[in-house]
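Scroll down for the structure; my scribbles are underneath it.
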Amino acid sequence: MTHATAAITRAEGQPFVLEDIDVDQPRADEVLVRIVASGVCHTDVNCRNQVYDIELPIVLGHEGSGVIEAVGSQVSSAAVGDHVVLSYGTCGVCPTCRSGHSAYCPQVYPLNLVGNRPDGSSSLSGGVRSHFFGQSSFATHAVVPERNVVAVSKDAPLALLGPLGCGIQTGAGAVLLSLQVRAGESLVVFGAGAVGLSAVMAGVIAGAYPIIAVDLSASRLKKATELGATYVIDATEQDPVAAVRELTHGGARYAIEATGSPAAFSQAVQSLGSRGVCGLVGAVGAGVNGSFDWLHVQMSGITIRGVIEGDAIPQDFIPQLISYHQRGRFPFDRLITEYDFADINTAVADAEAGVAIKPVLRIGSVS
Ligand SMILES: [Zn+2]
Ligand SMILES: [Zn+2]
């Protein structure tokens, strides 16, 4: 048993409250991680607000990074003292996982968005649900399945790496893995938050041209320009569809929808030209429908593609993103604003207000 402090969500929409809690020892296929930092993702806020129907009380948080303190008897890929990033969970044994497409494993929803282990047990005391995205990282300690753990180099900035496990991997993977954007092809990104800006940075790596960012916020668009967008479009001032079609001489080859707004989805599809591909990345609750111009999609041979976690196999992709970062080609640290763990509610409020693009909570020290 380990004594820990965790931000517990006990009621819909209520502020996070830091409380003392006990964490079990890891089971045979789990590790105990001392959390150094955790990103705050929109999905945490959606769960707290019951956009997804998740049982409470629970410890949320799913962009954790930290140091391994203990390993279960069957763990082979990680050892005590390793620096790790925690990512999303998949079953690893179904046909989809075995074919290398585990982002679409049928167990992704139950393993990540329900809480507790698949057998219903919690690693936390007091009836509080654990294992949100296999990690519940808004806590000083977490028990995590080995499969969610990505060992990373000790010369990488561990306190900043957590968001690579979800939001940043999602945007970058959408471009590099899901859509496999090719050099010299046009890319438009709707939504310049953490996910969309990661897509912009990945577009630069891929050599896309032009890269166009669309948003409603001037400050986010400024950031998009700094990170490599060729053009930015403020959708409060001009019609993004007409602007994109003009800038790309008839329509973009690739579009990323990173807002979760049905209106932006329709615009993203309408922005595409011949054989264009739209990646549907923005998070929505159950039952949301999107619409598109049927004839446009048909006549242009357009593909609309759902994207989860950027199709990433975290153990492959996260070290790759760190390597790009270390060579100055993926400056994801410029999306991050750091907060003390105790200021978690300020971090969430700043993210909701658009003041912070990607809040990261400092929970413990690296050494
Ligand atoms: Zn699976
Ligand atoms: Zn997330």
Side-chain angles (χ1 to χ4, degrees), residues 7 9 16 29 35 37-49 51-52 54 58-65 85-115 117-118 131-138 142 144-148 150 160-174 178 191 193-199 256-260 279-285 306-315 317-318 321 332 335-336 344 347-348 351-352 356-361:
T9 297
F16 292 99
D29 60 347
I35 301 291
S38 178
V40 177
C41 177
H42 198 59
T43 300
D44 297 310
V45 181
N46 277 346
C47 286
R48 183 192 70 173
N49 295 345
V51 172
Y52 306 110
I54 192 165
I58 192 168
V59 174
L60 298 170
H62 64 285
E63 291 184 340
S65 64
V85 172
L86 308 179
S87 193
Y88 70 109
T90 57
C91 85
V93 294
C94 72
T96 307
C97 282
R98 279 191 277 111
S99 66
H101 301 285
S102 51
Y104 307 102
C105 169
Q107 298 304 312
V108 162
Y109 196 96
L111 285 175
N112 295 289
L113 287 157
V114 170
R117 298 186 183 94
H131 285 71
F132 180 66
F133 278 74
Q135 54 186 287
S136 294
S137 61
F138 291 163
V144 184
E146 179 182 16
R147 199 171 156 73
N148 293 60
V150 182
L160 302 179
L161 301 182
L164 295 178
C166 185
I168 292 175
Q169 149 175 287
T170 294
S178 314
V195 172
L197 290 170
S198 298
I256 298 288
E257 197 305 299
T259 72
L280 213 46
V281 177
V284 294
V307 175
I308 289 294
E309 296 285 347
D311 283 32
I313 307 291
Q315 287 79 5
F317 195 52
I318 290 173
L321 292 177
F332 72 88
L335 308 180
I336 290 175
I344 179 171
V348 169
E352 299 285 271
I357 291 170
K358 172 53 74 181
V360 168
L361 306 171

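Just so it is clear, the structure is predicted and the values come from calculations on it, not from any experiment. Whatever order the structure lists ligands and atoms in, that order sets their numbers, starting from 1.
Residue contacts to the Zn ion (ligand 2): H42 brings no N, O or S atom closer than 2.8 Å.
One finds an angle of 120° at the Zn ion (ligand 1) between SG on C105 and SG on C94, to the nearest 10 degrees. With the Zn ion (ligand 1) as the vertex, atom SG of C97 and atom SG of C91 span an angle of 120° (nearest 10 degrees). For C166 atom SG and C41 atom SG, the angle they make at the Zn ion (ligand 2) is roughly 140°, to 10 degrees.
Rounded to the nearest 0.5 Å, atoms CD1 (I344) and CG (L60) are 8.5 Å apart. Rounded to the nearest 0.5 angstrom, I54 CD1 and N49 CG are separated by 12.0 Å.
Judged by distance alone, the side chain of N148 and the main-chain N or O of F133 form a donor-acceptor pair under 3.5 Å.
Within the 4.5 Å cutoff, side-chain heavy atoms of Y88 are placed close to those of Q169.
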